[in-house]
Number of protein chains: 2
Amino acid sequence: MSEHKVISFDNIKVACRNCSLTSLCLPMGLTPEDVDQLDTIVRRSRPLHRGDHLFRQGDEFQCIYVVKTGTVKSFDPGEDGSEQVLGFHLPGEMIGLDAIETGYHHCSAKILETTAVCEIPFTRLEELSSTIPSLQHQMYRLLSREIGHDEDMLTLLGKRNAEERLASFLLSLSGRFQRRGFSPSDFYLSMSRHEIGNYLGLAVETVSRLFTRFQDEGLLKVERKHIQLMDIERLKQILHNDQGGGVRERQIP
Amino acid sequence: MSEHKVISFDNIKVACRNCSLTSLCLPMGLTPEDVDQLDTIVRRSRPLHRGDHLFRQGDEFQCIYVVKTGTVKSFDPGEDGSEQVLGFHLPGEMIGLDAIETGYHHCSAKILETTAVCEIPFTRLEELSSTIPSLQHQMYRLLSREIGHDEDMLTLLGKRNAEERLASFLLSLSGRFQRRGFSPSDFYLSMSRHEIGNYLGLAVETVSRLFTRFQDEGLLKVERKHIQLMDIERLKQILHNDQGGGVRERQIP
DNA sequence: AGATTGCTTTGCCCTGGATCAAGTAACTTT
DNA sequence: AAAGTTACTTGATCCAGGGCAAAGCAATCT
């Protein structure tokens, strides 16, 4: 995906104030002074590599993580290894919010491609947010957004058929790439077919067959991980066909 | 269900400090003084009746609602009426958290049986929470809990079969009733088979057949809305059979 | 270069649960 | 109390998508 990156590796160690993700991330809506305050508690990681765990289910909850570059997968590793993928996280997205309640992580998080993250010790973030109202507000917004997103996924899994699920998934990625300055119609998937299927409640084979079918129908071109959306409008129509409903479009910057 | 109520109608207008839900609700972990502070911004509603809307999708977001007595259903009413039930809310549970982000409600909420709710103007709650750290903490916890709960539902819809879904649903209700002082094994459903099916991603017929089957197998007794769980242990085993996994037990007080 | 390993695709068959279609029981209205 | 309405159950059929098996294709190792 690197050839499409606008938000580039320059970001790895920059302060929040100079980070191009600022408008999608925790600092959104803060004054420059408040961002500097926030900056004092943010820790930047060295790059992590494919397969690394950011944290594991059951680990003590210390930090909220924000993706800076790369992609992270969060998943519930079941009791016996039958994992359920809960999300794919792109730059600017937060991970670990479900751990606040109990103090330990309910899911695991694994790196899909070389990734840098910001770590924010939650206790300090909490302290800071009670002195900076706009930070508190932004925290509420981000937590609320996560809830809204999960609810959209519930509708996806509860009501949509295989075709609608994959179309919805691709459009979600497309929109999120676009908001990050990447091409909305030409990108590389950092997750496997297996992970996509798992996330969407489908078998690998079904995902594979659908990619083939979408390609045959001229909706897109696939070549392994490389996706080119050829007809985004028609993909959107798929969501609004059938029993209508359609996944309400949601901004997940 | 009224014959089982321990948390009774006495609650309808009591202040938070005297409310028996206090340990499940927003005041959890607050000092008595802080609870009184909170109390000044809480508005208590007169009882609402079956079919009433608490709010509708698209309404401007003003208040967080907390069920005091009764049951509320939240749902996404799709574009054309193909609704998706998102949750059933018992006393002490909050509704409308997904609206914080955008300032309007993403789902609708409807009363299932005569219900009293507390309304908490969100702006005032936000202000108050920046002066009471333990209130802020509790808000973060509740928002996080909602995320965790939704993630459990994603696993349910993504991985479990019909039998596991219904067992999980009944056990969830059972536990939540118990924590509220009701019988965990003898209760009335305030939602229809249709709503249960919708919530669990199943057809009404499937839900009906499963109730019959569970009854034939001696797991429970059903008579319309009246449920008696006869073998909770065996119901729990259903969740841990098959591909293992099993819905991790979670406290949703 | 050839072999090993790990995705992905494709063909084939099968099943869980949806859908369709009646029938029945409870609740509402008149 | 009869008639209408809505919710639930039960039976019969169907099919979208799952599971299995084998082959294809990249990438890495020897």
Spacing of B:Arg193 atom CZ relative to D:dT6 atom P, expressed in whole Å: 19 Å
More than 12 non-hydrogen atoms from neighbouring residues, nucleotides or ligands closer than 6.0 Å to NZ on A:Lys221, yes or no? no
Whole-Å distance, B:Leu189 CG to D:dA7 P, equals 15 Å
So, does B:Thr212 get its side chain near the phosphate of D:dT10, meaning an N or O under 4.0 Å from OP1 or OP2? yes
Regarding A:Glu83 and B:Lys159, does a basic nitrogen lie under 4.0 Å from an acidic carboxylate oxygen? no
Short question: side chain of A:Asp76, backbone of A:Gln84 - any donor-acceptor pair under 3.5 Å? no
I need the residues from residues 214-221 of chain B with at least one non-hydrogen atom less than 4.0 Å from DNA chain D; give them sorted by number, or say none. none
Polar contact flag, side-chain donor to acceptor under 3.5 angstrom, B:His53-B:Asp59: no
Please give, in whole Å, the distance from D:dT6 C1' to B:Glu195 CD? 13 Å
Phosphate-side-chain proximity, B:Lys225 and D:dA7, N/O vs OP1/OP2 below 4.0 Å: no
For nucleotides 11-26 of chain D, 5' to 3', base contacts (B), sugar-phosphate-only contacts (S) and non-contacts (-) with protein non-hydrogen atoms under 4.0 Å give BB----SSBB------
Interatomic distance where CZ belongs to A:Arg50 and C1' belongs to D:dT28 [whole Å]: 14 Å
Is the shortest heavy-atom distance from the side chain of A:Val66 to the side chain of A:His89 under 4.5 Å? no
Rounded to whole Å, CD of B:Glu164 lies from C1' of C:dG17 at a distance of 14 Å
D:dC8 C1' sits how many Å from B:Leu166 CG, rounded? 15 Å
If you measure from the Lys or Arg side-chain nitrogens to the Asp or Glu carboxylate oxygens, is any gap between B:Arg209 and B:Glu205 under 4.0 Å? no
Answer yes if the side chains of B:Thr71 and B:Glu113 hold a donor-acceptor pair under 3.5 Å, and no otherwise. yes
Using a 4.0 Å heavy-atom cut-off, does B:Ser208 contact any base of the nucleic acid, only the sugar-phosphate backbone, or nothing at all? base
Please check: side-chain N/O of A:Arg193 versus main-chain N/O of A:Arg224, any donor-acceptor pairing under 3.5 Å? yes
Check: A:Lys73 side chain, A:Ile111 main-chain N or O, donor-acceptor pair, under 3.5 Å: no
Tell me the interatomic distance from A:Ile227, atom CD1, to C:dT8, atom P, rounded to whole angstroms. 11 Å
Rounded off to whole Å, could you give me the NE2-to-P distance for the A:His194 and C:dG6 pair? 14 Å
